[in-house]
Amino acid sequence: MSELRFVRMGFGAEAVDYQEAWDEQRRVHGARFLDEIPDTCLLLEHPPVYTAGRRTADNERPLDGTPVVDVDRGGKITWHGPGQLVGYPIQKLPRPVDVVAHLRRLEEAMIRVCAEFGVGTSRVEGRAGVWVLGDPVDKRPTGGLSLDFDPRLADEEFDPRLNGPQYAPSNAGQRREDRKICAMGIRVAKGVTMHGFALNVNPDTSSFDKIIPCGIRDAGVTSLSYELGRELTIDEVLPVVEKHLGDVLGNADLRPREVERASA
């Protein structure tokens, strides 16, 4: 177990410029690496900005020339802006570093946050983040085009390490459009995590229409407010996020998972 402190950097009229937050991430990262501070999670809102991870393709960027900040996290392009609660957990992990285990802990914390507000969410096999699953086949509207193929076959963002019985299956031929409610992209440098999650509380999701969010073409974007059918604010969600991040990250066994090796 490890102590996890929270720093509320700025929200609403005091939303934090992305570059300023990135600089602060790097400063805190360096201090955590030197054990000058405990594990720290920066929480904030950003003014509207598109950020592109290392794997973003040119055809996934805004077609209208909207500026994009290229960053050193994993994943592809996404949007940050008002109504979205962003968290950057900066946590020292034991070696050998288990990046996927850290991602799963973040997902678990956000699943618990959504559940506390009455929104059922899940993981999706092979895809990072937290999702509201689409309707099953028997609840689909009739008519229209149905393509019976697995969209992940040509999906570079599919990660087979994120498989397992605790994950929802691929949506191919089984559900209507899944909707991402919390995006995630992380980086681990010198054994210390950076970047993190972006939980959609009440943003204008039309901002995602200019891009292919996270490089995934067969899924949508949603928010807590949309799913609940009522307005929810960052102020309401913030303490709940802190509670569940503290429970999951602060009480986690950070040792790498044991991987079963096939016998000779």
Side-chain angles (χ1 to χ4, degrees), residues 7 9-11 14-33 40-91 93 97 99-100 102-103 106-107 110 126-130 152 154-159 161-162 180-200 203-221 223:
V7 177
M9 287 189 65
F11 305 91
E14 298 179 352
V16 183
D17 177 77
Y18 189 86
Q19 186 64 52
E20 179 184 343
W22 195 5
D23 290 343
E24 180 63 6
Q25 272 199 81
R26 287 184 285 218
R27 187 194 69 78
V28 174
H29 179 278
R32 182 67 191 95
F33 174 71
T40 300
C41 182
L42 307 178
L43 294 168
L44 59 142
E45 266 181 297
H46 285 304
V49 62
Y50 291 102
T51 69
R54 295 187 299 265
R55 298 175 59 197
T56 302
D58 288 343
N59 64 355
E60 294 162 351
R61 294 170 180 266
L63 298 177
D64 63 357
T66 301
V68 174
V69 178
D70 289 284
V71 296
D72 57 356
R73 60 167 170 79
K76 296 196 175 188
I77 191 168
T78 192
W79 173 86
H80 298 307
Q84 188 183 73
L85 178 54
V86 176
Y88 298 129
I90 299 171
Q91 185 173 35
L93 303 179
V97 170
V99 179
V100 173
H102 175 65
L103 178 66
L106 292 183
E107 290 171 341
M110 294 303 106
R127 289 177 169 174
V130 175
R152 302 173 309 158
D155 183 0
E156 293 181 356
E157 195 68 5
F158 174 73
D159 188 338
R161 296 175 303 169
L162 301 181
K180 183 179 281 190
I181 198 167
C182 184
M184 295 189 180
I186 59 177
R187 181 185 181 217
V188 180
K190 299 180 179 180
V192 180
T193 66
M194 293 182 70
H195 301 287
F197 65 88
L199 176 64
N200 293 331
D204 177 1
T205 55
S206 65
S207 299
F208 290 99
D209 295 342
K210 294 182 179 180
I211 60 173
I212 300 173
C214 303
I216 297 175
R217 291 172 168 80
D218 64 310
V221 176
S223 67

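Note that the coordinates shown come from a computational prediction; the quantities given were computed from them, not determined experimentally. When reading the values below, keep in mind they use all heavy atoms of this one structure, side chains included, and skip hydrogens, waters and symmetry mates.
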Check your understanding: Could you give the distance from CG (Leu199) to NZ (Lys180), rounded to the nearest 0.5 Å?
Key -> 12.5 Å
**Study point:** Non-hydrogen side-chain atoms of Val192 and Ile90 separated by less than 4.5 Å
**Key:** yes
Point to revise | Glu45 (side chain) donor-acceptor with Gly83 (main chain) under 3.5 angstrom | key: yes
Review point. Got Val68 and Thr51 here, is their nearest side-chain heavy-atom distance under 4.5 Å?
Key: no
Check your understanding: Does Arg26 reach the side chain of Met194, with side-chain heavy atoms less than 4.5 Å apart?
Key -> yes
Check your understanding: Between the main-chain N or O of His195 and the side-chain N or O of Gln25, is there a donor-acceptor pair closer than 3.5 Å?
Key -> yes
Exercise for review: Indicate yes or no: at least one non-hydrogen side-chain atom of Pro82 is less than 4.5 angstrom from one of Pro48.
Suggested key: yes
Practice item. Output, in order, the C-alpha distance, side-chain angles, deciding distance and verdict of side chain to side chain contact (heavy atoms under 4.5 Å, CB included) for Tyr88 and Leu44. Key: CA-CA 9 Å; Tyr88 298 129; Leu44 59 142; 3.8 Å; yes
Review point. Where the side chain of His46 meets the backbone of Leu85, is there a donor-acceptor pair that is under 3.5 Å apart?
Key: no
Practice item. Please examine the side chains of Pro47 and Tyr18, heavy atoms only from C-beta on, and report whether any two atoms are closer than 4.5 Å. Key: no
**Study point:** Step-by-step side chain to side chain contact (heavy atoms under 4.5 Å, CB included) determination, Val7 to Met9
**Key:** CA-CA 6 Å; Val7 177; Met9 287 189 65; 4.2 Å; yes
Check your understanding: Which pair of heavy atoms, one from Leu106 and one from Pro89, lies closest together, and at what distance?
Key -> CD2-CG, 3.7 Å
Review point. Would one find more than 12 heavy atoms of other residues, nucleotides or ligands at under 6.0 Å from atom CD of Glu14?
Key: no
Exercise for review: Before giving the answer on side-chain hydrogen bond (donor to acceptor under 3.5 Å, both in side chains), spell out for His80 and Gln84 the whole-Å C-alpha distance, their side-chain angles and the decisive distance to 0.1 Å.
Suggested key: CA-CA 7 Å; His80 298 307; Gln84 188 183 73; 2.7 Å; yes
Exercise for review: Report yes if the side chains of Trp22 and Val69 come closer than 4.5 Å at any heavy-atom pair, otherwise no.
Suggested key: yes
Revision key, fill the gap. OG1 of Thr40 to NE2 of His29, rounded to nearest 0.5 Å, is 12.0 Å
Point to revise | Arg187 side chain reached by Thr193 side chain, heavy atoms, under 4.5 Å | key: no
Check your understanding: Taking all atoms of both residues into account, what is the closest heavy-atom pair of Val97 and Gly191, and its distance?
Key -> CG2-CA, 3.9 Å
Check your understanding: Is there a side-chain contact between Phe11 and Leu43, using heavy atoms and a 4.5 Å cut-off?
Key -> yes
